[in-house]
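First listed ligand is number 1; within each ligand, the first listed atom is number 1. Note that these values count all heavy atoms, side chains included, but never hydrogens, waters or copies made by symmetry. For clarity, every value in this text was computed on a predicted model and none was experimentally measured.
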Amino acid sequence: ASQSDDHDLVIIGGGVAGYVAAIKAGQEGLKTACIEKRGTLGGTCLNVGCIPSKSLLNNSHLYHQILHDTKKRGIEVGEVKLNLDQMLKAKDTSVEGLTKGVEYLLKKNGVDYVKGTGSFVNENEVKVNLIDGGERTLRGKNIIIATGSESTPFPGLTIDEERIITSTGALSLKQVPKKMVVIGGGIIGLEMASVWSRLGAEVTVVEFLGQIGGPGMDAEISKATQKILAKQGIKFLTNTKVTSGDTSASTIALNVEAAKGGKEQKLDADVVLVAIGRRPYTSGLGLENIGIEADDKGRLVIDQEYRTKLPHIRVIGDVTFGPMLAHKAEEEAVAAIEYITKGHGHVNYAAIPSVMYTHPEVSWVGQTEEDLKKAGIKYNKGSFPFSANSRAKTNLETDGIVKFLSDAETDRILGVHILGPNAGEMIAEATLAIEYGASSEDVARTCHAHPTLAEAFKEAAMATYSKAIHF
Ligand code: FAD
Ligand code: NAI
């Protein structure tokens, strides 16, 4: 390698984990390269994940609301038409603006952005097959692997991203399918089911477990969410598995049966979305050349400071342990750089919020009631319905509740679960409370502006250590 290809830090992957690490490293004065093979920065999240999905969720919600929820508000509208092409363009515009913005930030912080696929030659060198042709070999004193994750395939159904799709195909369908079956009622399944059902598809979600929302959603909240989504027109088959599918005819035929075995039934669909989880992505990375280990789920094994058994090689984001969330990846990126430059970093894994961007939204942080029962922890529970909140009432958006769980002895907040309007924004307050070890009384005694949805949060806290005023 030439002199100029020596770096303090080489990052493989320009997703949220990789690009945030690159910016932070640039700020800390490390000579840094960031290798990305996609051709744009931002990874899954910005290109085919968080951002495009939220664009479609927002605009499909507006469309659905204009169709079904204006009369009682005193708004009479004329003919409403869907222009799917334009809705997809609006999504692309948001994505493009943000990925270009990240490229600008890398430049501003002096990061060498290398477009191509990186592969380990040995413990210190990464060879890059450049997108524009040719090769470059980068040497790194430190190396960070941030190669992310990919959709888990469903055996027997080959993804073509047109009829059998992953979330990536679900973000670019050229027309609204008549019938859509979603395999997996986790977050991806429910967000995409919402989009296409609002735009007119007849959507059936097939979920293996008895409850929807994926791992981590509180059972009481999950049940209430399913009821609301069903009212919006999404059909649910829980405790059910897809056993096989036939794609040879113009309509796809799926065989499903009870999860524990039982009578088969048939479902037909124009489009099938496979959303049964995501798995770490390391193919083509040349890990065999450096002997780094993965666990049985393919996650790269690291210690508390994100180090592999080769201490100058660290791993962050979806490709290692923990929830596959963009903000988790971002926290790890900053901490990993601080470990390199300062020797200490901080991520509180007990205070990472989750948000599902359906309507209404669902959000949570900390432990569920089921977690606490299983761990034998005694807790107090307080909840407050949005139907008793003044702002929710004025907005005619009263579905949902805020639920607090606090330690029975100390009143320290152990978990907060919200189903309701703006739940995704409101969970930040719960996360801050947990981060600072607050009690439900601490939150309840904090003045909240009136009339706001956040008052439902305060009153749920009141109901946990004492009584709510308005319910
Ligand atoms: P990624 O974003 O996957 O980035 C890894 C990058 O590495 C990729 O760009 C890949 O091209 C590149 N790469 C891989 N191998 C190589 C190589 N050998 N050489 C060079 N480059 C390589 N999370 C949220 O928090 N909120 C959400 O609302 C949300 N919505 C989502 C919606 C969908 C449909 C999906 C699929 C995911 C969503 N997520 C969401 C999850 C989020 O996208 C991920 O947690 C996040 O992208 C993880 O970041 P990462 O950097 O670890 O991995
Ligand atoms: P998931 O793990 O959340 O949900 C998958 C669901 O599929 C589970 O409920 C599981 O029981 C079910 N399932 C598994 N195998 C099945 C089978 N054979 N038949 C029927 N059901 C089956 O995974 P998902 O939804 O694919 O999302 C992957 C990850 O992406 C999430 O865990 C999350 O970290 C991230 N994500 C985050 C979002 C957000 O923060 N808003 C949005 C979208 C994705």
Task: Nearest-neighbour protein heavy atom for atom 32 (C) of ligand 1, which is reported as residue plus atom name and distance - done: Gly49 C, 3.3 Å
Task: Contact atoms of ligand 2, heavy-atom distance to Leu325 under 4.0 Å - done: 34 (O), 37 (C), 40 (O)
Open item on the list: For ligand 2 and Ile187, I'd like to know whether there is a polar contact (N/O to N/O, distance under 3.5 Å).
Closed with: yes
TODO: Return the option from Ile51, Asp318, Ile352 holding the heavy atom at the smallest distance from atom 44 (C) of ligand 1.
DONE: Asp318
Task: Per-atom contacts of ligand 1 with Thr44, taking only distances under 4.0 Å to non-hydrogen atoms - done: 1 (P), 2 (O), 3 (O), 36 (C), 43 (O), 47 (O)
Task: Ligand-side contact atoms (ligand 2) for residue partner Ile183, heavy atom cut-off under 4.0 Å - done: 19 (N), 20 (C)
Open item on the list: Check this for me: does any side-chain nitrogen of one of Asp270 and Lys179 sit under 4.0 Å from a carboxylate oxygen of the other?
Closed with: no
Task: For Ser149, atoms of ligand 1 separated by under 4.0 Å from a heavy atom - done: 3 (O)
Task: Salt-bridge present (Glu162, Lys174; N to O < 4.0 Å) - done: no
Task: Residues Glu96, Lys100; criterion salt bridge (Lys or Arg N to Asp or Glu O under 4.0 Å); working and verdict - done: CA-CA 6 Å; Glu96 208 182 300; Lys100 290 234 171 85; 3.1 Å; yes
Task: Per-atom contact, atom 32 (O) of ligand 2, protein heavy atoms, under 4.0 angstrom - done: no
Task: Proximal atoms of ligand 1 relative to Tyr281 (non-hydrogen, under 4.0 Å) - done: 14 (C), 15 (N)
- [ ] Could you list the atoms of ligand 1 found under 4.0 angstrom from a heavy atom of Ile188?
- [x] 36 (C)
- [ ] Please determine if Val355 has a nitrogen or oxygen closer than 3.5 Å to a nitrogen or oxygen of ligand 2.
- [x] yes
Task: Protein residue, atom and distance nearest to atom 51 (O) of ligand 1, heavy-atom basis - done: Ala17 N, 2.9 Å
TODO: Kindly confirm or rule out an N or O of Pro323 lying under 3.5 angstrom from an N or O of ligand 2.
DONE: no
Open item on the list: Out of all atoms in ligand 2, which are within 4.0 Å of some heavy atom of Lys54? Include the element for each.
Closed with: 41 (N)
- [ ] Any atoms of ligand 1 less than 4.0 Å from a non-hydrogen atom of Gly317? List them with their elements.
- [x] 52 (O)
- [ ] Would you mind listing which atoms of ligand 2 come within a distance below 4.0 Å of any non-hydrogen atom of Leu209?
- [x] 11 (O)
Open item on the list: For Thr117, which part has a heavy atom under 4.0 Å from ligand 1: side chain, backbone, both, or neither?
Closed with: both
Open item on the list: Contact between ligand 2 and Pro215 is defined here as a heavy atom of the residue under 4.0 Å from a ligand atom; is it met?
Closed with: yes
Open item on the list: Students should be able to answer this: which protein heavy-atom is nearest to atom 21 (N) of ligand 1, and at what distance?
Closed with: Lys37 N, 3.3 Å
Open item on the list: Check this for me: does any side-chain nitrogen of one of Lys374 and Glu370 sit under 4.0 Å from a carboxylate oxygen of the other?
Closed with: no
Open item on the list: Could you check whether any heavy atom of Val48 sits closer than 4.0 Å to an atom of ligand 1, since that is the contact criterion I want to use?
Closed with: yes
Task: Those atoms of ligand 1 less than 4.0 Å from some heavy atom in Gly118 - done: 17 (C), 18 (N), 19 (N), 20 (C)
Task: Which residue and heavy atom of the protein sit nearest atom 9 (O) of ligand 1, plus the separation - done: Glu36 OE1, 2.8 Å
- [ ] Quickly, which of Thr282, Thr320, Ile316, Ile292 forms a side-chain contact (heavy atoms from CB on, under 4.5 Å) with Ile145? Name it, please.
- [x] Ile292
Open item on the list: Between ligand 1 and Glu191, is the shortest N or O to N or O distance under 3.5 Å?
Closed with: no
Task: Residue, atom name and distance, where the atom is the protein heavy atom closest to atom 17 (C) of ligand 2 - done: Ile276 CG2, 3.9 Å
- [ ] Check each heavy atom of Thr152 against ligand 2 and say whether those closer than 4.0 Å belong to the side chain, the backbone, both or neither.
- [x] neither
Task: Heteroatom distance test (Phe208, ligand 2): nitrogen or oxygen, under 3.5 angstrom - done: yes
- [ ] Report the C-alpha separation of Lys403 and Asp218 in whole Å, then their side-chain angles, then the decisive distance to 0.1 Å, and conclude whether the salt bridge (Lys or Arg N to Asp or Glu O under 4.0 Å) test is met.
- [x] CA-CA 10 Å; Lys403 167 171 164 179; Asp218 184 272; 2.7 Å; yes
Open item on the list: Could you work out, for atom 5 (C) of ligand 1, the closest of Ala146, Gly43, Gly13 by heavy-atom distance?
Closed with: Ala146
Task: Heavy-atom gap His327 to ligand 2 smaller than 4.0 Å - done: no
Task: Shortest protein contact, atom 7 (O) of ligand 2 (heavy atom only) - done: Gly184 CA, 3.3 Å
TODO: May I ask you to identify the nearest protein heavy atom to atom 47 (O) of ligand 1, giving residue, atom name and distance to one decimal place in Å?
DONE: Cys45 N, 3.3 Å
Open item on the list: Starting from atom 25 (O) of ligand 2, what is the nearest protein heavy atom, named by residue and atom, and what distance separates them?
Closed with: Ile188 N, 3.0 Å
Open item on the list: For atom 30 (O) of ligand 2, which of the options Glu361, Arg278, Glu207 provides the nearest non-hydrogen atom?
Closed with: Arg278
Open item on the list: Within ligand 1, which atoms have a heavy atom of Met324 less than 4.0 Å away?
Closed with: 41 (C), 45 (O)
Open item on the list: When you compare ligand 2 with Met324, is there at least one nitrogen or oxygen pair between them that comes in under 3.5 angstrom?
Closed with: yes
Task: Mode of Val206 contact toward ligand 2 - side chain, backbone, both, neither (heavy atoms, under 4.0 Å) - done: backbone
TODO: Can you sort out which atoms of ligand 2 are near Gly186, meaning under 4.0 Å from one of its heavy atoms?
DONE: 3 (O), 4 (O), 6 (C), 9 (O), 25 (O)
Open item on the list: Do the side chains of Lys342 and Glu28 get close enough for a salt bridge, i.e. N-O under 4.0 angstrom?
Closed with: yes
Open item on the list: For Glu150, state whether at least one heavy atom is located under 4.0 Å from any atom of ligand 1.
Closed with: no
- [ ] Would you mind listing which atoms of ligand 1 come within a distance below 4.0 Å of any non-hydrogen atom of Ser167?
- [x] 34 (C), 36 (C)
- [ ] Please confirm whether Tyr19 comes under 4.0 Å of ligand 1, counting heavy atoms of the residue only.
- [x] no
Open item on the list: Less than 4.0 angstrom from a charged side-chain N to a carboxylate O is my criterion; do Lys141 and Asp8 meet it?
Closed with: yes
Open item on the list: Within ligand 2, which atoms have a heavy atom of Gly214 less than 4.0 Å away?
Closed with: 9 (O)
Task: Region of Arg279 engaging ligand 2 - heavy atom pairs below 4.0 Å - done: neither
Task: Numbered atoms and elements of ligand 2 in range of Tyr357, under 4.0 angstrom, heavy atoms - done: 41 (N)
Open item on the list: What protein heavy atom lies closest to atom 16 (C) of ligand 1? Include the residue and the distance to one decimal.
Closed with: Thr147 CG2, 3.7 Å
TODO: Go through ligand 2 atom by atom and flag the ones less than 4.0 Å from a non-hydrogen atom of Phe154.
DONE: 18 (N)
Task: Protein heavy atom at shortest distance from atom 25 (O) of ligand 1 - done: Ala326 N, 2.8 Å
TODO: Indicate yes or no: does an N/O atom of Leu325 lie under 3.5 Å from an N/O atom of ligand 1?
DONE: yes
TODO: May I ask you to identify, for Lys54, whether its side chain, its backbone, both or neither come under 4.0 Å of ligand 1 on a heavy-atom basis?
DONE: side chain
Task: Heavy-atom nearest neighbour of atom 39 (N) of ligand 1 within options Cys50, Gly15, Gly148 - done: Cys50
- [ ] Considering heavy atoms of the protein only, find what lies nearest to atom 26 (O) of ligand 2 and give residue, atom and distance to 0.1 Å.
- [x] Gly277 N, 2.9 Å
TODO: Considering only NZ, NE, NH1 and NH2 on the basic side and carboxylate oxygens on the acidic side, decide whether Glu150 and Arg278 come within less than 4.0 Å.
DONE: no
Open item on the list: Any protein heavy atom at under 4.0 Å, with atom 20 (C) of ligand 2 as the reference point?
Closed with: yes
